[in-house]
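Indexing begins at 1, ligand by ligand and atom by atom, following the structure's order. When reading the values below, keep in mind they use all heavy atoms of this one structure, side chains included, and skip hydrogens, waters and symmetry mates.
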Amino acid sequence: MRTLIEHAQAIAILVDAASSARGVERASLVDGPLPTGRTLADDLVAPIDLPPFPASQMDGYAVRSSELVPGAPALVVAARVPAGTVPAPLEPGTAAPIMTGAPVPEGADAVVPIEQAVPAHFLPEDVAGTVELPTGAAPGLFVRPPGSDVAAGSLLFAAGTLLGPAHLGALAASGLTEIDVRSPLRIWLLSTGEELAPAGPLPPGKIHDANGTSMRAALEGAGADVTALRVSDDVDALWRALAEARRISGALPDLLVTTGGISEGAYEVVREAFEPRGLTIGTVAMQPGGPQGWGLLDLDGTAVPTVCFPGNPVSALVSFEAFLRLPLLAAAGRPSPRRDSVAVLAESADSPKGKHQFRRARLDDEGRVHFVGGASSHLLHNYAMSTVLAHVPLGVDRVEAGDEVVVWALDD
Ligand SMILES: Nc1nc2c(c(=O)[nH]1)N[C@H]1C(S)=C(S)[C@@H](COP(=O)(O)OP(=O)(O)OC[C@H]3O[C@@H](n4cnc5c(N)ncnc54)[C@H](O)[C@@H]3O)O[C@H]1N2
Ligand code: MOO
């Protein structure tokens, strides 16, 4: 029987293999959904300086700083320089009214804010006049140098950069309209069970498919592109469902994730179908989530990394937290949550000594751990009401109020 850590390491290697086989796709910065949260496929070199020209940082007067010396005469007001225009060079002895973001005229090397001018407002455009400005403006005052944000030819963003709003804005500012991003990990999520009914009135003995939705949300939340499939306990139906998914998508997935059908019953469809095709169905010393399957599944001669979780909805989600979440975030280039923290138990609990137990719990205002519901793995609503998973490690069969335990945040 594998320990939690041994299994986590093995699954991380499997996901890493799945991830390295991923492709690259073109993403538009102009049409359709933006590639927010995706990662750059290649290093990108800055095609232009940002800003592209020396620009004013203030509404004010563009001047030659050398002319603002004690005793100098008032400067003649030159033509206005609005943003988006190309100004004429600045004549000696003049000051050009300039707006924030406008190109600083050739010859000017500083901008004096309008508040410091006398008069402290712009003259009407058709009125000739002079302006008095304080002395001592340093060269470069309130001028944004070209390339001061990023210089043309320098590394704009490195391959693997996770694209957030500022990255996308900088790419747009650089004039790029399309970029190459890593394709998300394509996962087929297969919910199995004769008892699973589609949404609608429940026939006797049937239940609705919780895992198809909870696991899809979990996998998508970690950056994967998920195709959800559902099959009964019939092995032939399972193969037909996989063949149909392949026909529709035109390819096999990077990773196959299943729920259900791997324990000791008489109708374990995943075990029956996948064990002869290269998968190991075994047990990890944890609760919930004991039954687990893993390996490379032979699908028409292609080895598809595959992870099989137990069908109990809490077992499947806890398995996701323990084995898939961090490797998937890493594959998506996303930062991992800081998970391990220590908290004090508000109540006692028993735990199977030979298993690492995850209890669903909430923290109170003092940060103490209160269990939400029992240890059973069908208690999905209790899981939803929890904010942490509290760990009772292997070898411990009882924890008391006041004991410290490790907790993983579920709401980060
Ligand atoms: N004799 C033994 N019986 C069981 C053992 C064992 O060691 N010996 N292990 C138990 C544990 S622990 C778990 S966990 C489950 C895992 O069984 P399977 O992975 O084969 O899952 P199923 O039997 O298919 O389903 C278990 C449970 O979960 C419900 N389920 C399944 N899929 C869904 C879904 N998509 N949405 C909602 N609920 C689902 C299913 O109806 C069952 O109630 O085995 C124990 N048994
Ligand atoms: O391992 Mo099961 O997941 O205990 O319910």
Side-chain angles (χ1 to χ4, degrees), residues 1-4 7-8 11 187-200 202-219 226-235 237-238 241 256-275 279-295 306-324 349-360 371 373-384 386 389-392 394 397:
M1 192 186 293
R2 279 182 168 178
T3 65
L4 181 74
H7 193 55
I11 298 301
I187 296 182
W188 288 359
L189 169 66
L190 183 66
S191 303
T192 69
E194 196 69 37
E195 67 275 39
L196 302 182
L202 265 185
K206 303 285 184 188
I207 59 170
H208 293 304
D209 176 6
N211 296 344
T213 298
S214 63
M215 292 297 295
R216 185 176 140 211
L219 296 167
V226 180
T227 301
L229 311 167
R230 186 183 307 138
V231 294
S232 67
D233 284 339
D234 182 78
V235 171
L238 182 150
L256 174 63
V257 176
T258 68
T259 66
I262 55 169
S263 57
E264 305 296 329
Y267 309 98
E268 305 295 12
V269 67
V270 171
R271 179 192 282 279
E272 283 172 42
F274 290 177
E275 257 182 345
L279 236 63
T280 304
I281 307 296
T283 310
V284 174
M286 65 189 280
Q287 193 281 320
Q292 295 284 336
W294 62 88
T306 300
V307 179
C308 305
F309 289 159
N312 275 311
V314 171
S315 311
L317 274 180
V318 167
S319 300
F320 169 82
E321 288 294 332
F323 305 125
L324 277 185
D350 293 319
S351 175
K353 191 170 184 174
K355 293 182 179 172
H356 183 117
Q357 194 180 52
F358 290 90
R359 291 291 301 264
R360 281 69 72 200
F371 299 123
S376 298
S377 49
H378 65 291
L379 301 171
L380 180 59
H381 182 260
N382 282 338
Y383 190 120
S386 304
L389 288 177
H391 298 237
V392 184
L394 196 69
D397 59 2

Practice task
Report the part of Val270 (side chain from C-beta onward, or backbone N, CA, C, O) that has a heavy atom under 4.0 Å from ligand 1; answer both or neither where that applies.
Solution key: neither
Handout entry: For atom 19 (O) of ligand 1, the option (of Ser214, Gly311, Ser377, Ala316) bearing the nearest heavy atom
Key = Gly311
Handout entry: N or O contact, Ser315 vs ligand 1, cut-off under 3.5 Å
Key = no
Exercise for the section: Assess Pro288 for proximity to ligand 1: is some non-hydrogen atom of it under 4.0 Å away? Expected result: no
Handout entry: Enumerated ligand 1 atoms positioned under 4.0 Å from heavy atoms of Leu196
Key = 33 (C), 34 (C), 35 (N), 36 (N)
Handout entry: Backbone or side-chain N or O of Ser263 under 3.5 Å from ligand 1 N or O
Key = yes
Problem - Protein residue, atom and distance nearest to atom 5 (O) of ligand 2, heavy-atom basis - result: Ser377 OG, 2.2 Å
Practice task
Would you mind running through ligand 1 and noting each atom that sits below 4.0 Å from a heavy atom of Pro310?
Solution key: 14 (S), 16 (C), 19 (O)
Problem - Distance flag for atom 10 (C) of ligand 1, protein heavy atom under 4.0 Å - result: no
Practice task
Consider every N or O of Thr259 and every N or O of ligand 1, then say whether any pair is closer than 3.5 Å.
Solution key: no
Handout entry: Glu195, any N or O under 3.5 Å of ligand 1 N or O
Key = yes
Handout entry: Protein heavy atom under 4.0 Å of atom 44 (O) of ligand 1
Key = yes
Practice task
Over 60° means perpendicular and under 30° means parallel, so classify the ring planes of His356 and His391, tilted if in between.
Solution key: perpendicular
Completion exercise
One finds that the ligand 1 atoms under 4.0 Å from a non-hydrogen atom of Pro313 are 37 (C), 38 (N)
